[in-house]
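Order of the sequence lines sets the chain letters (A, B, ...), proteins ahead of strands, with each chain counted from 1.
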Protein chains: 2
Amino acid sequence: MTGQVVSAELLAVVVAMVDGRPSVLTLGAPPRLPSGPLLPSHLSLQAATRAWVEEQTGRRLGYLEQLYTFADLDRDGGGSGRPISVSYLGLTTPGHPGIGGWRDWYALLPWEDTRTDTTLLDDHIAPGLRRWVESDPAARGERRRRVDTTFGLAGLAWQPELVLQRYELLYESGLVPESPAPWRRPDDELVPGERMAGDHRRVLATGLARLRAKITYRPVVFELMPTSFTLRQLQDCVEALAGRDVHTQNFRRLIEQQDLVEETGDVHAGTGGRPARLYRFRRQVLQERHVAGTKLPTTRAR
Amino acid sequence: MTGQVVSAELLAVVVAMVDGRPSVLTLGAPPRLPSGPLLPSHLSLQAATRAWVEEQTGRRLGYLEQLYTFADLDRDGGGSGRPISVSYLGLTTPGHPGIGGWRDWYALLPWEDTRTDTTLLDDHIAPGLRRWVESDPAARGERRRRVDTTFGLAGLAWQPELVLQRYELLYESGLVPESPAPWRRPDDELVPGERMAGDHRRVLATGLARLRAKITYRPVVFELMPTSFTLRQLQDCVEALAGRDVHTQNFRRLIEQQDLVEETGDVHAGTGGRPARLYRFRRQVLQERHVAGTKLPTTRAR
DNA sequence: CGCCCTTATGCTACATCTGAGCAAAAGGCG
DNA sequence: CGCCTTTTGCTCAGATGTAGCATAAGGGCG
């Protein structure tokens, strides 16, 4: 009973806000996440991830947390051997460009931005999923329920953090190009959105899901902000990550009453309105107590 | 640039409530977690974990979620090769005993139960940590801050879910027997608590941390309950997991108003008080909406 | 310059949630 | 029966969250 010889690979979802849009660091075409094998010289998985990102993109990471470990036989291109993929989520600021490029993550997972319009969901995704629901009479009830809850259809609420479940459902129902061949649809039935190498879109979805969940209970947004920022910029960042809008005044109050930030004394003018005060993150709060992060003052009506 | 040959190992923290105490499934002595290598026949990491637990303990798991992946060079006995350990958290009910035994997890991590008394913390741990703080003048301030926040000393609040941070701090400060030799203390200075094979206590701490966090935002406690139970039994279970007490009436209100349970119609008598109604988990809520789990109606005074 | 548009900020009304405690219901038992 | 225990119902005040009104303070333009 000896174990299989496997290779371990690190994958990094490195996120930054670029021109107000959440973006992910990718290399090449089709875009792939920075990655590399675990080497004997690496002290830990996290250290290995840092090393590979730095080598491939010239970028030194600050915040980095483990996401998930994948080793499914049926995913990831089906090459030889069996790679174990350990994925990490890194948060940074755009800074100098380095190698590789920032890619708007809503270009990769367009259905996840529900702020502007829902025509994509209504015109492409919902009909495609309905076809899939109906295509198996035996599993219809179960499938319909699953579709409705994951995509917030049939009057149910859209749950921002179900990113991975939504991607997996699209994969399973054959609506993305990387879905297994047997269930492939003609091109015009596929859901828009740029595909990535291997199963990297799945890893990206895992990262987005984690990030959306985490900003609601830990102050991680600040890892994505410049040292000095206005509350509006912070709100824009949160909204872009969550893919939904929040109530401005209450958001301000929430941030202020938690002592998450302090004024720098400067103001930022030139936006065509009243100049905004500039703030910086009070990094000490991370030590002072268990701070509740950026809760989203939800708007009742979706 | 070729990857290191590694072996992947699955580790399972399988939890159940046994005689009202949270317990973990272990094998042999010193106790170790069920584990086994990833084999070519396994379709996924999760499937491999299920297979190994079933083979080694005769127990088929229901709820199973991935915990964390470790591959630190300096931990885990330092054997040959480099094992990647992928750990999982399983929740089940004691049922038939099977192979292996249930071990009270507070016998393994005794300082985590703050319900009864805090003499262990006050008499053993705090003094030991203080010695460690003082032993390095350069790092004293930093160490003191870290000790105070992780163990809720110096007037700070005890944070139940910092289980792993507390274990790591004890490990680092040489207060547990598995700490690296250079910092070893004489036996009478070590913190009580049964050690486990390899770094399994670390994995256990990771599992406990995850479980404590998760019961506050997802209804996972019910995976540990029998099909029919009283609200008091449910409360006892939550309290045992969290290692702290909750307010009975408010706990009931919380459970009921979320429609997490429904009455079976039966009652449970014989406890020397008013007979309690029996309830069952409404498993449908998992589909109906994003249910907020068992929030802990915290008592203000610690 | 004065008006209007925009964005930023302050504040209030109201609903809901939470923490805390009183008290009654309903068995067991001497 | 009276007293113990445990379960259950209910109230109440303070905290927190949601929603919206109102004012402050810049830029642009006639």
Side-chain angles (χ1 to χ4, degrees), chain A residues 20 157 215-217 225 228-239 242 244-280 289-302, chain B residues 20 157 160 215-217 228-239 242 244-280 289-302:
Chain A
I215 56 170
T216 69
Y217 64 86
M225 302 298 294
S228 160
F229 50 86
T230 70
L231 291 183
R232 164 52 63 178
Q233 289 165 347
L234 183 63
Q235 181 182 345
D236 285 341
C237 179
V238 168
E239 289 180 339
R244 45 175 302 228
D245 296 328
V246 305
H247 185 278
T248 305
Q249 295 96 316
N250 293 341
F251 177 79
R252 298 172 55 87
R253 181 179 57 185
L254 210 57
I255 300 294
E256 281 167 346
Q257 79 187 6
Q258 287 187 106
D259 289 318
L260 288 173
V261 297
E262 62 192 1
E263 295 187 30
T264 67
D266 299 323
V267 293
H268 171 82
T271 48
R274 173 173 173 173
R277 298 189 188 147
L278 282 167
Y279 293 84
R280 75 172 71 88
R289 63 208 144 75
H290 207 199
V291 51
T294 309
K295 285 223 187 81
L296 305 178
T298 54
T299 305
R300 200 180 300 265
R302 151 96 187 287
Chain B
I215 56 171
T216 69
Y217 64 88
S228 158
F229 50 85
T230 70
L231 290 184
R232 164 52 63 176
Q233 290 165 348
L234 182 65
Q235 182 182 346
D236 286 341
C237 179
V238 169
E239 289 180 338
R244 44 177 304 229
D245 295 327
V246 304
H247 186 278
T248 305
Q249 296 96 315
N250 292 343
F251 177 77
R252 297 171 56 86
R253 179 177 58 186
L254 211 57
I255 300 294
E256 281 166 346
Q257 80 186 7
Q258 288 188 109
D259 289 318
L260 289 173
V261 296
E262 63 191 0
E263 296 186 30
T264 67
D266 298 323
V267 293
H268 172 80
T271 49
R274 174 172 173 172
R277 298 190 189 147
L278 283 167
Y279 293 83
R280 75 172 72 88
R289 62 208 144 78
H290 207 200
V291 53
T294 308
K295 284 223 189 81
L296 305 178
T298 56
T299 306
R300 198 179 302 261
R302 153 97 188 286

For residues 228-235 of chain A, which side-chain N or O atoms pair as donor and acceptor with protein atoms under 3.5 Å away, sequence neighbours left out?
from: Thr230(A); atom 1: OG1; to: Arg232(A); atom 2: N; distance (Å): 3.4
from: Thr230(A); atom 1: OG1; to: Gln233(A); atom 2: N; distance (Å): 3.1
from: Arg232(A); atom 1: NH1; to: Asp236(A); atom 2: OD1; distance (Å): 3.4
from: Arg232(A); atom 1: NH2; to: Thr248(A); atom 2: OG1; distance (Å): 3.3
from: Gln233(A); atom 1: OE1; to: Thr230(A); atom 2: N; distance (Å): 2.9
from: Gln235(A); atom 1: NE2; to: Glu239(A); atom 2: OE2; distance (Å): 3.0
from: Gln235(A); atom 1: NE2; to: Val246(A); atom 2: O; distance (Å): 3.4
from: Gln235(A); atom 1: NE2; to: Thr248(A); atom 2: OG1; distance (Å): 3.2

Shortest non-hydrogen contact from Glu263(B) to Arg280(B)?
O-NH1, 4.1 Å
Stem list for DNA chain C, please, built from Watson-Crick and G-U wobble pairs under 3.5 Å and keeping only runs of at least 3.
C:1-30 with D:1-30
Separation of dT18(C) atom P from Phe251(B) atom CZ, nearest Å, is 14 Å
May I ask you to verify if any side-chain N or O of Arg277(A) is less than 4.0 angstrom from the OP1 or OP2 atom of dG10(C)?
yes
Measure all distances between protein nitrogen or oxygen atoms and nitrogen or oxygen atoms of nucleotides 21-23 of chain C, and list the pairs falling under 3.5 Å.
from: dG21(C); atom 1: N7; to: His247(B); atom 2: NE2; distance (Å): 3.2
from: dC22(C); atom 1: N4; to: Gln249(B); atom 2: NE2; distance (Å): 2.6

Could you pull out all donor-acceptor pairs under 3.5 Å where a side-chain atom in residues 265-272 of chain B meets a protein atom, sequence neighbours excluded?
none

Result for 5'-nearest mapping on DNA chain D, choosing between Ala276(B) and Gln257(A), is Ala276(B)
Using the test salt bridge (Lys or Arg N to Asp or Glu O under 4.0 Å), find all partners of Arg253(A) that sit at least two apart in sequence or belong to another chain.
none
Any residue meeting side chain to side chain donor-acceptor pair (under 3.5 Å) with Arg274(A), in chain and number order, not counting sequence neighbours:
none
Qualifying residues under side chain to side chain donor-acceptor pair (under 3.5 Å), relative to Gln249(A), sequence neighbours excluded
none
Taking any heavy-atom pair under 4.0 Å as a contact, classify Arg253(B): base, sugar-phosphate, or nothing.
base
Between Arg252(A) and dT9(C), is there a contact of a side-chain N or O with OP1 or OP2 at under 4.0 Å?
yes
Separation between OH of Tyr279(B) and CZ of Arg252(B), rounded to the nearest 0.5 Å
5.5 Å
Mark up nucleotides 24-30 of chain D, 5' to 3', with B wherever a protein heavy atom is under 4.0 angstrom from a base atom, S wherever such an atom reaches only the sugar-phosphate, and - elsewhere.
BBBS---
